[in-house]
Structure formats: structure tokens, C-alpha cells
> 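Handing you this structure, nothing more for now.
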There are 2 protein chains.
Amino acid sequence: MSSKPFNPAATIKDVAAQAGVSVMTVSNVLRGRGRVSEETRKRVLETAERQGYRPNLTARALVEGKAPTLALMLSCITNPFYPEFALAANLEALRHERHLLVCNTDHEPDGGSGFLEQVAGSLSDGVLVANNGDLPMDELLRLQERGIPVVISVWELPDDLPDIPCVTFDSKAAGKLAVEHLVELGHRRIGAIIGSPKHGIHGGRYAGFRDVMRAAKIKPSAADERFTKDSFEHGYEAGKDLLSARPDLTAIFVSNDLPALGVMNAASDLGYSVPDDLSIVSITDIIPARQSRPGLTTVAIPTAEMAEKGVSLLVELMAGRATESTVVHTSPPTLVVRGSTAAPAASR
Amino acid sequence: MSSKPFNPAATIKDVAAQAGVSVMTVSNVLRGRGRVSEETRKRVLETAERQGYRPNLTARALVEGKAPTLALMLSCITNPFYPEFALAANLEALRHERHLLVCNTDHEPDGGSGFLEQVAGSLSDGVLVANNGDLPMDELLRLQERGIPVVISVWELPDDLPDIPCVTFDSKAAGKLAVEHLVELGHRRIGAIIGSPKHGIHGGRYAGFRDVMRAAKIKPSAADERFTKDSFEHGYEAGKDLLSARPDLTAIFVSNDLPALGVMNAASDLGYSVPDDLSIVSITDIIPARQSRPGLTTVAIPTAEMAEKGVSLLVELMAGRATESTVVHTSPPTLVVRGSTAAPAASR
DNA sequence: CTGAAAGCGCTAACAC
DNA sequence: GTGTTAGCGCTTTCAG
């Protein structure tokens, strides 16, 4: 029997043999390259279809010296910021015909070193790193020296750049917008809960807070500030701590939505009514910010844009159209007013 | 000069040449296989280190006929169930020395067909599919016929299995637990909001609801039930609709946490106080369920276990230690009581 | 214990 | 238009 119909493991060779042409012709037809007569084209296509042929992307990657994937490093996908970031990155990667390999550094015993070591430049052509304030810069630089494209996204300080191409946003402006909103509402007793050390990843957001406080001639007090970690639970604890110590605060600026949602619960559990007794504002605008009651007033940062531009930059880097000192800026942050902020009780 | 120190693109050949051995010896040393003298071993290791050699996983995959990745298909990573699932799947995959390629079917124009076509059996050895009630069974079966391992996880009906190996949990028992909790609290006027058609993915959960209602001799009324989609917003809308139409309900069973959180907001926006005026219970126990105020009473399903067992089953399948009819069961669901449920006002 | 040869599936370069 | 040759980086034979 001269007709082999369906071959679950058909290779390009099988198709070529069956169609009576060379493998190169099959390759050309399938990739739409080279010149092939319409007749042969049809025959090859039919044969491939009949055999159920599908190209082996691994083989293609090896010979082309180019992987069909990109690596994405983030701290933990269960932090609601990252699914939004990862989705946008994924879609942009797809536009460049690439799939995404994800590493949750928080849960890798080695913080992702093994992932980078194995994947970067081998399974994946480049690495997109979502900044979490605790990046293994040494390793990233080492990869870059090897010629492997590395991009850091969500870089918070446009004026203080890393030695790696990055996508940045103006975190200080975001902090300012948030606190200006409080000041304009009439608040003077404003506390701050920062999801990092003072000079950590939220340092820019904190600087924005300080700037506005100074401009408003409000004397800052360390007693009104808390530095903690960037999680719901840490926000909750810091909120309880701060509100217990400083019950006269009328508003709190939180450096990030996730801890801010924790602060909202802390306020609620302490008997505060938000926004009547206490206003809360933060930064990011993750999906849960609009699902809480009251909704969280926050300064939206361009999350999806940072993911997309991160992937694009990676692709540009691979094409030699960007360099190690390329910096990509994103749209300015914008205030999103919801129910968690109002004028202080005294002024009403 | 006989010493080439660091070579960013070193291949196994370079290491071999430099160490004065054959590539095979290098391979053996690096993989810890074959017999190599301690002396040669050390020399090879040193050379590899010095050159900064890292094996090319793509080449290895090609020759071994085995990919270092697994594919994960889910509807959308921004639905908080999936990050929890994906993280557990990722960690389990890592235990089997594999990375994860993720596809968000909701956002692929073709619902993931292209992903499967490209990735399954080529970039990835197998596919783990997180059931969302709208699976492309034809395609999955076609992959399976090709010999590509496919596993469906989060299968809701242990008594009604697909023709594909799956990881299942007892969704009907989960529905029962939830509604029994309401009945035990003294509720009789109980509504239901289901995040799928009646016989859709939440059909098992709904059947559990019906069973308990019948056992409690509560006459079910279609007017107290709503069938909608599985999202926060759809839950919100259905909640508003149901509560407006049936203001005398004292409790609502929602088939899933995400729409249940929407229902909580709907109740709040309509002036209901939860749980004083209205109890709400649902199923899943996603992270946001414990972060809402009040906390959401829910029936926890073994999310991480289903992800882990899904990956393990995939690996077993690849090793020929499982078949196309293998079914893996998971731990029974358990009730988690939080603040969203209480005895009805009348009985207090 | 170590090496040489063959080949995984595919494509780039060049011949016919 | 189409075929041939070579080789991507690695591992699996099977000799030595």
C-alpha cells in the first residue's frame, strides 16, 4: 500500500517522501519561503495535512539558534499584580511569536538562579524580570555579559537607572498624586505605610509622599510612618500598629494596593469607618482595588504597558535595535478616585 | 595562547577541546553518567566552569526526544483561582525538572488551538488542562490519539468522566457542605447563584445544593435561582437581580468564590448587612475569600492538590505508568466558616 | 575508562 | 523550481 494516511509522529522527511519531493521543498512550502510551483505546493500541503504533520519547534529552534520562548521572572504569581503583568507580557510575546516560561522566584529555593542558569539563552532567548526590589543584579549582569538579552521592568526610579535595559515609570509622581489628593481633601494628619525599607523599592513612592507633605507645610513625623513588607498581611499588621499608636490620623498613604487592602481591613477591624473616619489611598490599581468595599482610591500605574514594553524591548535587544543602556519610559500615573477617600470629619 | 578563559557561547565541544578529552567524556561528567576517572572529572569540571559553559537544553531535548517543559492551559491567569493553581503546578513540575509554558485561552483568538498545535508534543511533552467548562475536547482527544499525554484537572464530576485522564474532586459534596451549613444555621429561604448553565461546569455543585434542599424539605423555586457566568462582575449583577426580585431570601449559595465576592458587594450596595440580613456561602476558598470583610464562608476544594496531581499524572503518563483511563481523586472538600454566614435574623 | 561515529528534525546555503 | 550538502549541540550506540 502506497498511502500512509495518518502518522502521529510524522517528520518533515515523511511528508517529503510521501509527497515525492525533498525535505527542503516541504520546509519552503510550510514556511512560505523560496519559490515553489503551485502544484507542488498543493501536493505538499495535502500530504502534510493527511499525515497530520506538525513541525518540531525544538529542532527548528536548534538550527535557527533562536528559541520560541522568553523567560519571565516574578516574585510570586499569587500576588495579584503579577497575573495582570504576566497576562499582558504573554499577549505581547505571542505577538512576537513567542511563548512564556515563568519563574516564581519566591518559591524557588535558590531565588531563581537555577532557572536563569538553565533557561536563559538556552530554552529562552531572553529574560524579562519584573522588579520586586530584591533582584539578583550580579546574576543578571553576568547573563547580559554573556550576550543574553535581559530587561528589567517595573523599574521605579527613572533618575537612578540600573546597568541593564529597563522599563520605568515615575513612582515619585505616583506618590505625589496620591498624597496631593489627600491634602486637597483637607487632610493634615496623614500617616504612611510603606511596603519596603525607606530606600527600598518603594523609596520613590515614599519620596513623593515626603515632597507633598513638605510642600503642604505638614511636619512629617516618624511616628506616623511604618516601613514593612509588600503584602496584604504586612499591610494589615502595620495598619493596626499605626492606627493604635496614632488614632488621630485622618488619612493614610500606603505605597501599594495589596498592603492598602490589608490596611482597610485593619481599620475596619479597629472600628474605623472608611472613608468617614479615615481615608486610605495607595498606588497601583490592581483588580482587587475596585472590588473592595469601599473601592480603593489609588494611583494607577501602567502595569500592562510596562509588561508589553518589557517584552518589546527584549525583542528589540535581540534584534540589535536596542542597547544595554536603553531605557523605556511609560505613561504617567493617574489618580483613580473611589470610595476610600473623603474630606476629614473635622472639615465637614 | 593555550588558555581560552571565558567563552559566553561555549559548547560542549569547546570544553572537550580545552580539557583535552572527547565530547562524550564531558557529557558523562556533566550528567554524572558512565565511568570517568576522578582526575579527568576534575579537569573537565574546571574547564567547564572557567569557560562558563552551560548545556543547551534545546539540543538536549532534540536528541533525547523529550522536552524540558510541560504546557498548562487555563482560561485566564487574572482569575485568582489560577495563580494558586499555576503556582502549585509550577512547583510540582520543577520537582520533575520541568518548566511550565502557560496559555491563557480566554485571550487567544483561537481559544488556545494554536498553542496546542504548536506546543504540545513539540516544545512540551504534555499538556495539563485546567477545566473551565468549555474545553476543546475534540482537539484534546486528537492530541491524545497522537500519543501526546493530556491531563484534565479540576474535573468536577467523579461519576461522569471524560475520555482523557483526569484529576477530579467531589463537587457535589462541596455543594452539599455549603448548603448544609446554611440549613443548620436555620435558613429556609435560600437562593442560588450558579456560575454556569444548569448542566455546565458547576452542575455538580448545583446538584449538591438541590440535594440538601430536598433533604431539608425546602421546596426549590426557579425564581430563587440564577444561572450566570463565573466572574466577579456576573456575580455582582446576578446578586443584584436576585436580591431585588426576592428580598425575603435570608441566604444565598453561590457556586464559586469569585462571583460570591461580587454578590457580597451587590448585597452591600443594596443596603444588606452580611451576615445580619443575608448569609452568603460559596465554594473554592481562593485567597481573596479570606481578605474580604466579612470573610467569605466557603467550602475549600483542594486546589493545590489538583494542580500537583495533574502534573504528576502527566509525568506518570509519559512514563507509561498511567493510561488514558486513569482517574485521580483528591481530598474531600471542607467547610471554612468565616464571617459571611450566621443564623437568619428571624431566629435570633 | 575513553573516543569516534551516527543522528535527533530541521533550515541555510548553494548547486542544478 | 527543486535537490543536495552541511550542521545546529547534544546524547546514544558501540569500539577500543
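Bear in mind that the values here come from a model prediction, so they are computed numbers and not experimental data. Every chain is numbered from 1, with letters handed out A, B, ... down the list of sequences.
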> Of all of residues 26-41 of chain B, which get a heavy atom below 4.0 angstrom from DNA chain C, listed by number?
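The stretch gives B/R35, B/V36, B/S37, B/T40 as the residues lying under 4.0 Å from the strand, ordered by number.
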
> Where the side chain of B/M24 is defined as all heavy atoms beyond and including C-beta, which of C/dG7, D/dT13, C/dA12 is the nearest nucleotide?
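Nearest to the side chain of B/M24 among the choices is D/dT13.
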
> Let me know the distance between CD of B/E64 and C1' of D/dG9, rounded to the nearest Å.
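Computing the B/E64:CD to D/dG9:C1' distance gives 12 Å.
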
> Side chains of B/E84 and B/T303: do they bring a donor and an acceptor to under 3.5 Å?
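Not at all, the side chains of B/E84 and B/T303 share no donor-acceptor pair under 3.5 Å.
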
> Starting at atom CG of A/D14, determine the distance to atom P of C/dC8, rounded to an integer number of angstrom.
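Between P of C/dC8 and CG of A/D14: 11 Å.
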
> Is A/T25 close enough to D/dG3 that one of its side-chain N or O atoms is under 4.0 Å from OP1 or OP2 there?
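It does, given that an N or O in the side chain of A/T25 lies less than 4.0 Å from OP1 or OP2 of D/dG3.
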
> Quick check on side-chain hydrogen bond (donor to acceptor under 3.5 Å, both in side chains): which of B/K13, B/R50, B/R43 does B/Q18 satisfy it with?
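With B/Q18 as partner, B/K13, B/R50, B/R43 yield a single side-chain hydrogen bond (donor to acceptor under 3.5 Å, both in side chains), made by B/R50.
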
> Side chain of B/N56, heavy atoms from C-beta onward: which of C/dC10, C/dA13, D/dC10 has the nearest atom to it?
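Nearest to the side-chain atoms of B/N56, counting from C-beta on, is D/dC10.
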
> Over all heavy atoms of both residues, which pair between A/E156 and A/N131 is shortest? Give the atoms and the distance, please.
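Reported closest heavy-atom pair: N-ND2, 4.5 Å.
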
> Round to a whole Å and report the spacing from CG of A/L57 to C1' of C/dC10.
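The distance from CG of A/L57 to C1' of C/dC10 comes to 11 Å, rounded to the nearest Å.
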
> Please tell me which of B/S22 and A/A59 maps to the more 5' nucleotide of DNA chain C, matching each residue to the nucleotide holding its nearest heavy atom.
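So the residue in question is B/S22.
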
> Can you measure B/R60 atom CZ to C/dG9 atom C1' for me and round it to whole angstrom units?
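Nearest whole value for this atom pair: 18 Å.
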
> Are more than 12 heavy atoms, taken from residues, nucleotides or ligands other than A/D110, located less than 6.0 Å from that residue's CG atom?
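For A/D110, atom CG is crowded (more than 12 foreign heavy atoms under 6.0 Å).
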
> If you count every heavy atom of other residues, nucleotides or ligands that lies below 6.0 Å from B/R321 atom CZ, does the total exceed 12?
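Correct, the count exceeds 12.
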
> Any side-chain N or O of B/T11 below 4.0 angstrom from OP1/OP2 of D/dG9?
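So the side chain of B/T11 is outside the cut-off, no N or O lying under 4.0 Å from OP1 or OP2 of D/dG9.
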
> Stepwise, does the salt bridge (Lys or Arg N to Asp or Glu O under 4.0 Å) test hold for A/E38 with A/R41?
CA-CA 5 Å; A/E38 188 49 36; A/R41 220 184 74 83; 3.4 Å; yes

> Less than 4.0 Å between a side-chain N and a carboxylate O, is that true for A/E64 and A/R60?
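Result for this pair is no, no salt bridge flagged.
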
> Rounding to an integer number of Å, can you tell me how far A/Q51 CD sits from C/dG9 P?
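It works out to 14 Å between those atoms.
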
> Can you check the A/L123 CG to D/dC10 P distance for me, whole Å?
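Value for this atom pair: 12 Å.
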
> Pick the closest DNA chain C nucleotide for B/V21 and for B/L62 by heavy atoms, then say which residue is nearer the 5' end.
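It is B/V21, whose closest nucleotide lies nearer the 5' terminus.
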
> Rounded to whole Å, how long is the line connecting atom NZ of A/K13 with atom P of C/dG9?
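Result: 8 Å.
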
> Rounded to the nearest angstrom, tell me the gap between atom CD1 in B/I12 and atom P in D/dG7.
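Rounded to whole Å, this separation is 18 Å.
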
